[in-house]
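Written out below as structure tokens is the structure these notes cover.
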Amino acid sequence: MKGSKILLVAVIVVLLAAMVGCAAPAAAPASDSTAQQPAADTQASDTQAQKTYKDLVVGYAQLGAESEWRTANTASIKETADELGVTLKFSDAQQKQENQIKAIRSFIAQGVDVIGVPPVVETGWETVFREAQDAGIPIILVDRRADVPEDLYVSYLGSDFVEEGRKAGNEMNKLLPDGGKIVELVGTVGSAPANDRYSGFRETVNSNIEILDSQSGDFTRAKGKEVMEAFLKKYGDEIQGLYAHNDDMALGAIQAIEEYGLKPGEDIKIVSIDAVRGAFQAMIDGTLNVTVECNPLLGPQFYDLALKVANGEEVPKWLPSAESVYYPDNAEEVLPTRQY
Ligand code: GZL
């Protein structure tokens with residue numbers, strides 16, 4: 001009798017507990033590590049793991065301020081961070097790799113979520129990129145590639161420089177259909193854009209176009225002028241064309257050609273790359289014949305990538321920029337629309 005009474009009381013207690021909803025979730029056996037947490041807790045932990053732009057901290061190790069292109073790239077990175085509410089730690093390496101490496105180490109020490117870097121040259125990055133990997137901080141290559149194992153960076157956001165070189169070669173062929181002799185102003189020695197624009201151009205330029213000389217102007221206007229002065233001193237009016245790896249060097253060379261007494265854009269046909277505002281003005285002035293676009297406004301795409309990476313989402317290994325080619329015939333109409 002007594003036993004059945006106890007059983008009856010136990011049944012009533014369980015039924016009462018179930019009715020007032022206070023039954024605790026079934027405790028998982030200690031050994032079962034995959035036990036489902038209550039829905040509410042699971043949702044809470046997922047939400048806590050997901051970052052938003054406002055709690056994203058990014059380090060950007062900018063390479064320098066050597067060109068109009070770089071100035072526009074820096075503006076895009078900084079302005080977009082402000083618009084999105086991202087905490088940006090920014091450094092300018094004055095085109096020195098050791099300064100970029102120092103900046104990356106500083107970002108690692110500060111424990112940023114993601115590091116963005118446009119490597120000034122292709123080589124010499126494996127050690128510091130591995131330090132970032134060991135610290136669990138993903139690297140996004142922006143603008144320029146680095147010659148490192150693919151597992152050391154999560155994605156590359158930037159142009160196809162080889163294709164830009166191919167486009168430049170095709171444009172030079174159109175400007176010198178019967179062939180001719182040209183000189184080349186190369187970008188920063190060892191940089192991905194210089195290496196790739198050099199090789200891409202040679203894939204498409206016609207064999208009746210002879211490259212008399214090829215020297216680096218380090219992507220700057222001043223150096224571009226200086227090297228063009230030396231070319232003119234050595235080859236004079238033998239030069240019929242110039243291939244410049246960026247508009248800043250082309251604009252410096254235009255100054256040198258005018259000071260020498262020849263007409264840039266007429267006596268010497270000029271093909272350049274970037275499509276900065278200064279290039280459009282030169283095409284309006286008739287001193288530049290064509291510019292191949294290379295887009296520096298990478299801020300929005302960069303932070304979209306950075307947030308996805310910080311939240312552990314899959315991203316493409318390469319996100320190529322969409323780019324065009326611009327000519328004098330509509331330069332006046334297009335110039336007001338250009339953002340850089
Ligand atoms: C290309 C970029 C180059 C530009 C130059 O993506 O790295 O560096 O073409 C700039 O103007 O200095």
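Remember, it's 1-based here, ligands and their atoms both numbered in the order they're listed. Since we're looking at a predicted model, the values are computed, not measured.
Salt-bridge annotation for K78 and D82: absent, with no side-chain N of the basic residue lying under 4.0 Å from a carboxylate O of the acidic one. With respect to R105 and E131, a salt bridge is recorded, a charged nitrogen being found less than 4.0 Å from a carboxylate O.
Residues I270 and I254 come closest through the heavy atom pair CD1-CG1, 3.6 Å.
A cation-pi arrangement, defined by a distance under 6.0 Å to the six-membered ring centre and an angle within 45 degrees of its axis, is present between R145 and W318.
A ring-ring contact (aromatic ring centres under 6.0 Å, His included) check over residues 321-340, counting only residues at least two apart or in different chains, returns the pairs F280-Y326.
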Enumerate, one pair per line, all nitrogen or oxygen atoms of ligand 1 lying under 3.5 Å from a protein nitrogen or oxygen, stating the separation to 0.1 Å; write 'none' if no such pair exists.
unit_1, atom_1, unit_2, atom_2, d
ligand 1, 6 (O), D143, OD1, 2.3
ligand 1, 7 (O), R70, NH2, 3.1
ligand 1, 7 (O), D143, OD1, 2.9
ligand 1, 7 (O), D143, OD2, 2.8
ligand 1, 7 (O), R144, NE, 2.7
ligand 1, 7 (O), R144, NH2, 3.4
ligand 1, 8 (O), R70, NH2, 3.0
ligand 1, 8 (O), R144, NH2, 2.8
ligand 1, 9 (O), R197, NH1, 2.8
ligand 1, 9 (O), R197, NH2, 3.2
ligand 1, 9 (O), D274, OD1, 2.6
ligand 1, 9 (O), D274, OD2, 3.4
ligand 1, 11 (O), S67, OG, 3.2
ligand 1, 11 (O), N246, ND2, 2.9
ligand 1, 11 (O), D274, OD2, 2.5
ligand 1, 12 (O), E66, OE2, 2.5
ligand 1, 12 (O), S67, OG, 2.9

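With 3.5 Å as the limit, one finds no donor-acceptor pair spanning the side chains of T220 and D248.
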